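This is a predicted model, so every value here is computed, not measured.
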Amino acid sequence: MTQRVEEVPFEPRSVYRRRSGRISEIKYSLYLARKNPLVLSGSVLAIGSILIAALSGIIVDPRSWAFQYPPRYYCWNNPWINWHLQNIKPCPPGTPFYPLGADAFGRNLLNMIILGLPIDLQISFSIVISAFAIGVALGAVAAYAGGLIDEAVLRITDVFFAFPGLVLALVLVAVFGRNLTILTLAVLVVWWPLYVRLTRSQILAEKEKPYAEALKAMGAGRLRILFLHIIPNSIYPVIVQATLDIGGVILTFSSLMFLGFAPSPLTPELGKLVSDGISFVSQAPWLVIFPGLAIVLVALGFNLLGDGIRDILDPRLRR
Amino acid sequence: MKLYEYVIRRLVLMVFVLLAVSVIVFVITRGVPSPTYALAPYITPRMTDPQKLQTAVGLGIAEPSCPSWVDFTQSAPGCITPLYVQYFSWLKQVLSGNWGNSVIPSIGVGQSTWGLFVARFPYTAELAVAAALITVLFALPMGIVSATHNNKVPDHFSRIVALVGYSMPVFWLAFILQIIFVIYLTLTIHGNTFGLLPSSQTVGTDCALCIPNPGNINTYTGAPILDAILSLNPAYFWDALLALILPAITLAFSTLGALTRIVRSSMMEALRQDYILLARSKGLRERTVIYRHALKNALLPAITITGLILATLLGGAVVVEEVFSWPGVGQAALDASLFLDINFLELYTLVTALIIVVANLGVDVLYAFIDPRIRY
Amino acid sequence: MNSTPQLTKKNVALEVRNLRVVFHTYAGVVKAIDGVNLTVHSKELLGLVGESGSGKSVTALAIAGLLPENAEVLEGEVLLRGKDLLKQSKKELRMARLTDIALVFQDPMTYLNPVMTIGTQITEIFTGNLKIYKDELIQSRLDQIENELRQETDPKKISKLNEEKTKLEIKKQNSSGISKKEGKRLAKLLAIEYLKLVKLPEPERVFKMYPFELSGGMRQRAMIAMALVRRPAVLLADEITTALDVTVQAQILKLIKELRDKVDAAIILITHDLGIVAETCDRVAVMYAGNIVEEGDVIEIFKNPLHPYTVGLFGAVPRPDIEKENLEPVPGSVPDLINPPSGCRFHPRCPKAFERCPKSKPPLIEYKPGHKVACFLYGG
Amino acid sequence: MLSIRRLNFLGTITDSTLGELESINLVEARNVFKWFPIKGGLFGRTIANVRAVDGVSISIRKGETMGLVGESGSGKTTLGRTIMRLIDPTKGEIFFDGVNITRLSGRSLKRYRRRMQMVFQDPYASLDPRQTVRSALTEPMKIHHIASSKKEADEAAAKLIETVGLNQDHLERFPHEFSGGQRQRIAIARALAVNPEFVLLDEPTSSLDVSVQAQILNLLKQLQRRFNLTYLFISHNLSVIRHMCDRVAVMYLGRIVEIGNMKAIYESPKHPYTFALLSAVPNPDPTKRKEHEPVLEGEVPSPIDIPSGCRFRTRCPYNTEKCAREFPPLVEIEPGHWVECHYDIDFSSARRSF
């Protein structure tokens, strides 16, 4: 009935889109990404951190995390070597070979940060990917089946939403012991319901769109509509959420490690590194500052990327 | 459906959610670890084994037919009461207000868990409310300015602040603030250090840096600032306020991002709406257009987030409380999980779950008052 | 200038001269309006017809100074009471919207603020600008009292009304403003009067209702009341019946025709429906791709369309009363306004185009009194 | 009133009439109801029903265009969706080519889905935004196993796209790259991809501009001749219906109040609602202005709370006490022209009273 006459031709028939088709669509997205400073800086940070984490064993000596005996708290070539020896003070940043300084045991802080990165990223990715998979599967089933199944899934997520985030993880770790699998599961348990809700609402909205009905009228089966049309069309916000959550999971996981749930005193992890540095916070603040800064940069990278992707996929901007 | 009908339905649903939470917590805490954990607060080293077994039977954990304490600790068949029976007897106790005793050394072994929780909760509440207030006070203007100056300097600024707040680990920010204020600036007022509580109000926590505060403080509510106001003690008020500032700012900064983002996007959405064009076409002032027409519509999603933020904060900010030695429930929960004080963990989880569910309901009811379109 | 005697230069309400508007989009510069000239007189109903993308709504927004941020007015004048609105400051423009130019849009559901009552949305016009509207509010209430006194027989009520009258008259003499509370009360009374004027049943109740509680037709009436309550010199009605059912549309059009006689406004009725124009308007301007291609008296243009586009438009419309064997629409579609065709923008679709058309733009010339056309077939 | 072939209270067609209709009717709806329950209260009971379609019988003959006209909320789209089996009727039966398809599902329904296709109001929303035109056109062929190979499907798609007046370059593009009229052409091509016999056109031109609308209407007429299609054309635009249809059914609040040949309906309407609708349509001829003609007051009542007796009586200028009390009978006033009204009103003399 309603006829909305779009008067202003905002519709972008851009020069970049003259050659149409799927390839130009991707090209167009890349063009938008290049134009968007958020995505650019975000992807530099995110991809950079993934690369460093992947190559950490090659870039630095994996043994640099171990205690250096005898403690080399004196810095090489340090003019104030005697002063340091007298005060047993961790090596400050800026000393040759120790760009970020060293801790009280003489360990190179930069090396430790590089070695601490992989575990955070690995665990974060595995948590987000599992939560994503569970969420999309359950959300799709709930939204598409409807009725009792939907109700059941919703109520289960209700229960998990009522749990205070970190606390369920604390309880689980406390009860089941401190190993990385348990830690991962503990965070996953509080993380997956969000994806179920998000996917469900997306699919419900998508299901109501006329094209789904058009497909039904055409004779397409339920599964065909769901898998070939509705899920691909509703997945983008979930992907954005996943990108944003990689940073969030890193923060949560490192908080757990910071709070003392690390499996061993030698677990190479950034939150653990911060908590190790606390005893020296008044003499050697860099031991707290730099590992934390590393976390900030990694989390920021993924958050920027997620924000940017959201902007790019924003239909108002796009169509 | 009428509003009260809706609320009743939600309350019924809420009871089920809380029961489910209690089942999960109970199974995790009592079904998995050694059966002796649940007994820890009630047995002393001097007890003989039969006495211990008797205590276990009395608490409804062991079957009366269990031959010996050794059999019990080894979970011999027929010795441990089935979990569901345990659950119902536990539920009965809990509903009558008996949450058991504590085993946390830093808090006091053998104290009543409920009493402990009640003593600590006001601290958490004070911190949570302060942090939520700071969040709203900063996020609202930042989000609005960001939306009205889209893609200009104020927008970039507040987006960056929000993003950085989003990406910063709370424990790290807490230390950075402490390094700046306590170590480098050595800011002290009234002889008190920023971010640390006056010792007279701490509940047996490790508080080496706390400076004793003389003064007549009556504990009316248990929350330092409120007590200071109620006992008309300005010096103590300042001390308590100083102690609150850093932890509250830390918490607020971490929640600021989420709220700013929501306010910004919903405000932008509202400003894009047709009714804004009509309001402008009526010749209204830009101020009226933004603050009366757009903001009222944009407020709805912001309220949801604020409610959620407040609810999670009331559940205790474990990390911040730990770093600032803030004697709230979050810190106690951390200690409880380190010492496996299952009584406290159960109480804590259930209360926080209750707070979250109630907050959600509150937000939904508030919606109905703000948005005339919503009818339940 | 015009054939009809009452439409002399004296009561010109609004004049648009050579208006050119572009939109900066990241795809390029959209040349949305390219030299529009438009004159509308008081108490006249001008129809502005065209298809989507022809620039009719943009023209309305440009007149009201409400173009979005990415729009730019390259040149042109919008003359209202001898002043060029385009050259005025933001504040003066706002004042012009407040007092002289009112807009009514299509689909009032999205144009009315969902969380404010109809009443508030009308009265806020006055309560936010009490200084300007003081005299008008008091005067309108005094008129209302006069009317009521004429009908009232109950002596108690008469004395009450008289009391109010003297009070208001004192306030009117007084140079100081009126209190917010008093302003609100007067504004409410005025608003209800206008809700009655647009024939809303139970205006007092509608005053307190939210937009979602009203039906489409009622919302449209409320929006018209909102526009008229300011007594504007120009009323721009943008596709006001598009979202409505035919029967409700007929009611609203009837209302518009009645109001035209009651209020002293020039009404520009923007629509894509030729039937509505034929049914209601005095004069019509046909727009195509940012240009006015034909303008003139309704009967003249419908009887004797000159521009090939207008002819095509008529050929495309199915009639409710006559059975047409075939519709003869203009082939093709509206051009891309980022790279509009050179010369006459219609020439790529024009069946009668000749070599001159792509070369230069035809001016809008007076083909005969009361009928202007922009086409080289008719000179220029 | 002429010959009165009374139907029973709910308007079911008697058996004797059915026999003769069956052979020529391609699509038939018999006494179809569609009520949408409104849940409420503490336990989510059904507290009311939206009676979108409230006892409708309609038959569409092979090769004709049946128009279905009514205001928003009259239930015309719901009726269309019920006929297409997109939603299940609360009560009543749908026949396609003489076969009752009301209870069919799965594979057996799919066979009929191929023979009946649909074109929607909003062409952009009815196309999957992530699908190229080629993919959108070949998908129905895949679903119904029409093309034996990918190559064959591609060739068919190329032919189709030219049939609707676009060219093969358009096949690789996405829906958002087209204008409204082009999108509707694509949607029409997609409907034709499986060689249907019946096409439901649900307001196919109401979001389009006049000249584009005319192009699409011409295309639809041309396709009907070429492929021997049967149309059910749903629209609120009476001028378009007049241009397109052979027979017209007028719906008001979930019921068909008048049905008959296009000429009969437009030239001598018998139901006061039909007459009001027709007189409300603005005529693009300023010399025929309806200056002082009264218009129908009020708006369509809520389909939740339908007036008793005749549902049009709340707005009808001729309404009497009988209208409130009794359900109006469906009367055949001339062969094929049915009206649901208590009275036989002569509008030509009654023009002023409206």
Side-chain angles (χ1 to χ4, degrees), chain C residues 49-54 199 201 215-218 241 243-254 257 271-281 284 297-303 309 312-334 349, chain D residues 69-74 165 178-182 205-218 221-222 236-244 262-263 266-267 273 276-302 315:
Chain C
V49 273
E51 298 180 279
S52 343
S54 61
K199 294 187 178 158
S215 70
M218 286 164 86
T241 58
L244 302 173
D245 280 321
V246 256
T247 55
V248 184
Q249 166 176 296
Q251 294 167 12
I252 297 285
L253 291 180
K254 197 177 167 203
K257 275 192 278 187
T271 179
H272 67 277
D273 189 337
L274 289 167
I276 291 174
V277 175
E279 200 71 52
T280 39
C281 298
V284 57
D297 189 68
V298 166
I299 295 178
E300 162 68 21
I301 289 205
F302 275 71
K303 207 165 61 186
Y309 175 68
L313 211 53
F314 286 132
V317 184
R319 297 275 296 256
D321 54 338
I322 303 167
E323 204 178 344
K324 278 190 184 176
E325 195 41 53
N326 271 317
L327 299 177
E328 284 141 13
V330 195
S333 57
V334 187
R349 295 172 74 187
Chain D
V69 70
E71 295 178 279
S72 55
S74 61
F178 293 93
S179 67
Q182 287 172 321
T205 58
S206 68
S207 62
L208 304 174
D209 274 319
V210 246
S211 56
V212 182
Q213 165 176 292
Q215 291 168 7
I216 296 288
L217 293 180
N218 283 348
K221 273 199 160 180
Q222 176 203 330
H236 65 273
N237 188 328
L238 287 129
S239 312
V240 170
I241 291 273
R242 166 151 210 166
H243 182 72
M244 290 298 289
M262 186 271 286
K263 263 210 162 65
Y266 276 76
E267 277 156 25
Y273 178 63
L277 263 188
L278 284 171
S279 55
V281 182
N283 192 343
D285 185 350
T287 53
K288 291 185 182 169
R289 250 185 215 192
K290 299 182 275 281
E291 275 300 349
H292 301 288
E293 220 161 275
V295 295
L296 190 61
E297 292 298 325
E299 286 174 46
V300 187
S302 155
R315 299 169 77 192

Asks: Between C:Leu253, C:Asp273, C:Thr280, who has the most heavy-atom pairs with chain D when the cutoff is under 4.5 Å?
Replies: C:Thr280
Asks: Ignoring hydrogens, what is the shortest heavy-atom contact between D:His243 and D:Leu217? Give both atom names and the distance.
Replies: CD2-CD1, 4.4 Å
Asks: Within the supplied structure, the quantity of interest is the number of heavy atoms (other residues, nucleotides, ligands) at a distance under 6.0 Å from C:Lys303 NZ; does it exceed 12?
Replies: no
Asks: Would you name the heavy atoms of D:Asn283 and C:Pro320 that are closest together and state the gap between them?
Replies: OD1-CD, 4.1 Å
Asks: With the threshold set at 4.0 Å, does a side-chain nitrogen-carboxylate oxygen contact exist between C:Glu323 and D:Lys263?
Replies: yes
Asks: Do you know which of D:Gly73, D:Pro284, D:Gly165 has the most heavy-atom pairs with chain C at a distance under 4.5 angstrom?
Replies: D:Pro284
Asks: Looking at chain D, which one of C:Ala278, C:Ala250, C:Gly217 has the largest number of heavy-atom pairs inside 4.5 Å, strictly under?
Replies: C:Ala278
Asks: Quick one: what part of D:Glu267 sits under 4.5 Å from any heavy atom of chain C, side chain, backbone, both or neither?
Replies: neither
Asks: Strictly below 4.0 Å, N to O, side chains only: are D:Asp285 and C:Arg319 in salt-bridge contact?
Replies: yes
Asks: Counting only heavy atoms closer than 4.5 Å, note whether C:Ile299 contacts chain D via side chain, backbone, both or neither.
Replies: both
Asks: Please state whether the side chain, the backbone, both or neither of D:Met244 comes within less than 4.5 Å of a heavy atom of chain C.
Replies: neither
Asks: Go through C:Gly315, C:Gly332, C:Gly216 and name the one with the most non-hydrogen pairs under 4.5 angstrom from chain D.
Replies: C:Gly332
Asks: Mind listing the closest non-hydrogen atom pair of D:Ser206 and D:His236 along with its distance?
Replies: CB-CE1, 3.7 Å
Asks: Just so I understand: if I count every heavy-atom pair under 4.5 Å between each of D:Ser239, D:Ala280, D:Gly180 and chain C, which residue has the most?
Replies: D:Ser239
Asks: For a quick check under 3.5 Å, do C:Glu51 and C:Ser54 share a side-chain donor-acceptor pair by atom type?
Replies: no
Asks: Quick check on the interface: out of D:Met262, D:Glu299, D:Lys221, who has the most heavy-atom pairs with chain C under 4.5 Å?
Replies: D:Glu299
Asks: Shorter than 4.5 Å, heavy atoms on both sides: which option in D:Asn218, D:Val240, D:Leu238, D:Val281 has the most such pairs with chain C?
Replies: D:Asn218
